Amino acid sequence: MAFPLNPAQKAAVEHPGGPLLIIAGAGSGKTRVITQRITRLIEHGNPANTIFAVTFTNKAAAEMAERLEHQVGKIAHEVWISTFHALGAEIVRREAKHVAAGEKFIVYDAADTLGVVKEILRDLKLANKSLDAGAILARISHAKNALIDVEKMPVTSDYDEVAVRAYPKYIQTMKRLNALDFDDLILVPLRLLREVKEIRERWHQQARHLLVDEFQDTSIAQLLFVQSLAGPRKEVFCVGDDDQSIYGWRGAEVKNVIEFAKYFPGARTVALEQNYRSRQPILDVANAAIAPSERAYPKKLFSDKKQGDKPVLVECDTHESEVRFVMDTMNQAMRDGLKRSDIAVLYRSNGLAKPFEEALRLANIPYKLIGGTSFYERREVKDLTAYLRLAVHLQDDLAFRRVVNYPTRGIGDTSFERIERHSRARGLHLFEASRNWHAIKDLDDRAGRSLENFVKLIEAARARIEGGEPMLDVGKSIATEIGLYADIMAAGPTEATATKRWGNIEDFYKTLEKMPAKGLKEARSALAKLSLRFSEEEEEEGQKVILSSLHGSKGLEFSLVFLIGCDDGIIPHSRVDNPKATDIQGTLDPAEERRLFYVGLTRAKDKLYMMRAKTRAYRGGAKPMMASRFLRDIPPDMYERRSYSGPPIMGTTDMAAKAKAAREMLAKLKGGGAAP
DNA sequence: TAGTGTGTTCTTTTT
DNA sequence: GAACACACTA
């Protein structure tokens, strides 16, 4: 990065003032432009704490902070660098007096909110219809993101209808739980800024310069949030790439980029097209792949690195040989001296990673899985978190429900229903209702005493946290008291997975260790940040091969990239052609799938393999696959083509066969049916 | 009430 | 072919 800024980058960094939109092609050095811009603002006398840089992921925020520190030193810590959601949470926390949820709010993640919706569906007596709660939640979230009121929600299907009925109940429930979902973390601050003059003025005073990364991923709510936060000064510096807009399903509006000047009159635009990442042959393929896309800002990336291998399309006969080819090729590359962390396997959906994980484990190659179920969403971690959450936030009925009978302590469904009925009748939270179980109708003594112990456990934990004891100590003693270790080990299914689960708990201890020991309020906000994946669990930044979904790979780069599953139905996803009424728009946007493909291609610096398989495992059997339609848009002379039908990895089949044999043996031993 | 067995449904991406 | 939900039995 010792290169001087190119003219376009320079124009952006030295922009005199007013709203600016930077169309930054993949690998065009946008992070550098942002950090340089901040550096310049500081050098021109702007106090660091009046500069706000907003990203979408904690990873991006961390990287930006690190780079900035490199440039300006310790003063970088004073710049507000955070994700949209973390900034929103911070504003809510600081302006708690004006928020209904008050300072006692708790952040509900996707799993939590899904639980809320499921409960509402139960209440609406619709659960039997086997409704997909996720589809309802998606509609609610979509409405929130687009700032659509209940009355104005579109109703064109049964699902829409249910969503309309569920929406007000959802708001009501969240309010009762004192919970904010991810959308609220944007919406609530937006409302505060709009409606409360005092708050508006305070933040306009504070946020003098706003820099937004990945602007193409902003939703309407986020755009308005940026607008409101910037105020009349409109010092907004937004960087985005319409070609990399891949979060439409989450409410992102490319329109925010395309109609930027509408929202920020007088805005200027700068385009960055020089790519500093990839070799030209890779860019040729990427440019060709994205070309058919309808684009507001057509770009043709170019590189100084003219030399390089053409990307390779490898057609494997099965998905097993796909794994084999990738493993062999990556091993060779490592023997040639390539670092593990310079190698990535990318895929459209997380399920595709499994065989690679297995193969890497078998080969003893360390790997890092990006995305997938987050660490904090692991069941065992959530269980322990729920105990802590309940302790600091007694009205968290969802947490209560999760742990009141985990590990099993004799409070089954019937008992739970009795507690619930009682609490509803009295308008109490579940925990409050449990405090004197004698009052609960029909609750038998056994369950009652058990409940009493549970209440004591939680209250003891609460008292200790209140008294300023470290979260780690409290967490550990809860784990001991409930016999978490024994329970995890007993639950299996295999000893290996149980050990891994317990390992997750031990990793979680490291997170707890970092939490402040200053009483309930601090503990609450530390726990709230867990949902935002705030804390960095990435201590061991070792040398690891990267496995990532295409979504998770945005912003990253690798010398060697294997884009697996370049088959039709994988990318683009089959739901492009199979409209299913349960989805928001009914179907997936093929244009977004193309951009996703493009994002994958542009991750590669030196060598790119596009992998596909003629048949893939599908519900047991083998399904024949066709090449991705996107490959047809790439002129054949731009890439090399190979066929591969190597044997599957020994170990994998071995293991599978052994497991199968073991299962059959077990079945036999248990007597009864003869195996065919 | 808890644990086991049987049937059913899957596979989109994530702050 | 696995994970999950549900029903059934001890």
Side-chain angles (χ1 to χ4, degrees), chain A residues 54-61 82-89 107-111 113 118 127-128 130 132 134-135 138 141 145 180-186 214 217-219 221-222 245-252 346-354 370-374 376-377 379 405-416 444 446-447 450 490-491 493 529-534 548-554 565 569-576 578 580 582-584 587-589 592-593 595-596 599-600 616-623 656 659-660 663 667 670 672:
Chain A
V54 190
T55 65
F56 272 88
T57 65
N58 295 305
K59 200 169 53 184
S82 74
T83 63
F84 266 101
H85 300 273
L87 176 59
V107 179
Y108 268 26
D109 68 14
T113 50
K118 278 184 182 159
N128 51 335
S130 74
D132 177 4
S141 174
N145 268 306
L180 300 182
D181 62 22
F182 288 137
D183 303 326
D184 292 328
L185 293 178
I186 308 300
E214 307 282 14
D217 291 338
T218 52
S219 64
Q222 283 158 338
S245 164
I246 55 175
Y247 283 102
W249 52 273
R250 208 173 70 185
L346 308 180
Y347 36 83
R348 167 72 241 252
S349 35
N350 285 315
L352 293 169
K354 238 187 210 160
I370 295 182
T373 32
S374 135
Y376 297 108
E377 275 160 22
R379 200 179 65 215
N405 199 33
Y406 176 82
T408 49
R409 51 170 71 86
I411 303 169
D413 290 346
T414 351
S415 297
F416 180 79
D444 54 79
R446 218 169 73 87
S450 198
K529 283 176 185 163
L530 281 190
S531 309
L532 297 173
R533 302 185 179 190
F534 206 98
S548 173
S549 68
L550 290 170
H551 286 88
S553 75
K554 192 156 65 135
I570 291 187
I571 184 145
H573 193 274
S574 53
R575 278 166 75 174
V576 172
N578 288 352
K580 221 175 151 190
T582 62
D583 219 305
I584 278 280
T587 176
L588 241 35
D589 178 5
E592 186 157 308
E593 297 289 308
R595 295 191 291 262
L596 205 43
V599 166
R616 284 182 190 276
Y618 187 70
R619 299 196 197 184
K623 188 188 178 192
K660 197 177 168 198
R663 268 199 305 278
K670 286 196 174 172

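In the text below, chain A, chain B and the rest are named by the order of the sequence lines, each starting its count at 1. Model, not experiment: these values are computed from the prediction.
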* Asked: Which whole number of Å gives the distance between the C1' atom of B:dT12 and that of C:dA5?
  ->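 Each nucleotide's C1' atom is 22 Å from the other's.
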* **Closest nucleotide among C:dA3, B:dT11, B:dA2 to the A:Asn405 side chain** =>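 Minimum distance to the A:Asn405 side chain belongs to B:dA2.
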* To do: Ignoring the backbone of A:Arg250, work out which of B:dT13, C:dA3, B:dT15 is nearest its side chain.
  =>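 The listed nucleotide nearest to A:Arg250's side chain is B:dT15.
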Whole Å only: how far is the [atom1] atom of [X] from the [atom2] atom of [N]?
{"X": "A:Lys59", "N": "B:dT15", "atom1": "NZ", "atom2": "P", "result": "8 Å"}
{"X": "A:Leu596", "N": "B:dT12", "atom1": "CG", "atom2": "C1'", "result": "9 Å"}
{"X": "A:Arg595", "N": "B:dT13", "atom1": "CZ", "atom2": "C1'", "result": "13 Å"}
{"X": "A:Leu346", "N": "B:dT13", "atom1": "CG", "atom2": "C1'", "result": "14 Å"}
{"X": "A:Arg348", "N": "B:dT14", "atom1": "CZ", "atom2": "C1'", "result": "12 Å"}
{"X": "A:Tyr347", "N": "B:dT13", "atom1": "OH", "atom2": "P", "result": "9 Å"}
{"X": "A:His551", "N": "B:dT12", "atom1": "NE2", "atom2": "C1'", "result": "7 Å"}
{"X": "A:Lys354", "N": "B:dC10", "atom1": "NZ", "atom2": "P", "result": "16 Å"}

* Asked: Hey, does A:His573 reach any base, or is it just sugar-phosphate, or nothing, if we go heavy atoms under 4.0 Å?
  ->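 The answer is sugar-phosphate, as A:His573 gets under 4.0 Å only of primed atoms, P, OP1 or OP2.
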* Using a cut-off of 4.0 Å on non-hydrogen atoms, how would the nucleic acid contact of A:Phe182 be classed: base, sugar-phosphate, or nothing? ->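 The answer is base, as A:Phe182 lies within the cut-off (heavy atoms under 4.0 Å) of a base atom.
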* Does the ring of A:Tyr247 lie flat against the base of B:dT14, closer than 5.5 Å centre to centre with planes under 30°? ->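 Check failed, A:Tyr247 does not stack on base of B:dT14.
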* Does A:Ile186 offer a backbone N or O that forms a donor-acceptor pair with the side chain of A:Gln222 under 3.5 Å? ->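 Such a contact is absent between A:Gln222 side chain and A:Ile186 backbone.
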* To do: Give, for atom CG of A:Asp109 and atom CZ of A:Phe182, the distance between the pair rounded to the nearest 0.5 Å.
  =>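 Interatomic distance, A:Asp109 CG to A:Phe182 CZ, rounded to 0.5 Å: 5.5 Å.
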* **Spacing of CG belonging to A:Leu346 relative to CG belonging to A:Leu352, to within rounding of 0.5 Å** => 11.5 Å
* Taking the nucleotide of DNA chain B with the closest heavy atom to each, which residue, A:Tyr618 or A:Asp183, is nearer the 5' end? -> A:Tyr618
* To do: Tell me which of A:Phe416 and A:Phe56 sits closer to the 5' end of DNA chain B, going by the nucleotide each one is nearest to.
  => A:Phe416
* Asked: When the ring planes of A:Phe56 and A:Phe84 are compared, do they come out parallel, tilted or perpendicular, using 30° and 60° as the limits?
  -> tilted
* To do: Examine B:dT11: is either OP1 or OP2 under 4.0 Å from a nitrogen or oxygen in the side chain of A:Ser574? Give yes or no.
  =>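 Looking at the OP1 and OP2 atoms of B:dT11, neither is under 4.0 Å from any side-chain N or O of A:Ser574.
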* Does A:Asn350 place a side-chain N or O at less than 4.0 Å from the phosphate oxygens OP1/OP2 of B:dT14? ->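 For B:dT14, OP1 or OP2 has a side-chain N or O of A:Asn350 closer than 4.0 Å.
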* **Residues A:Asp183, A:Ser141; criterion side chain to side chain donor-acceptor pair (under 3.5 Å); working and verdict** => CA-CA 7 Å; A:Asp183 303 326; A:Ser141 174; 2.8 Å; yes
* Hey, is the side chain of A:Arg575 pairing donor to acceptor with the base of B:dT11 inside 3.5 Å? -> no
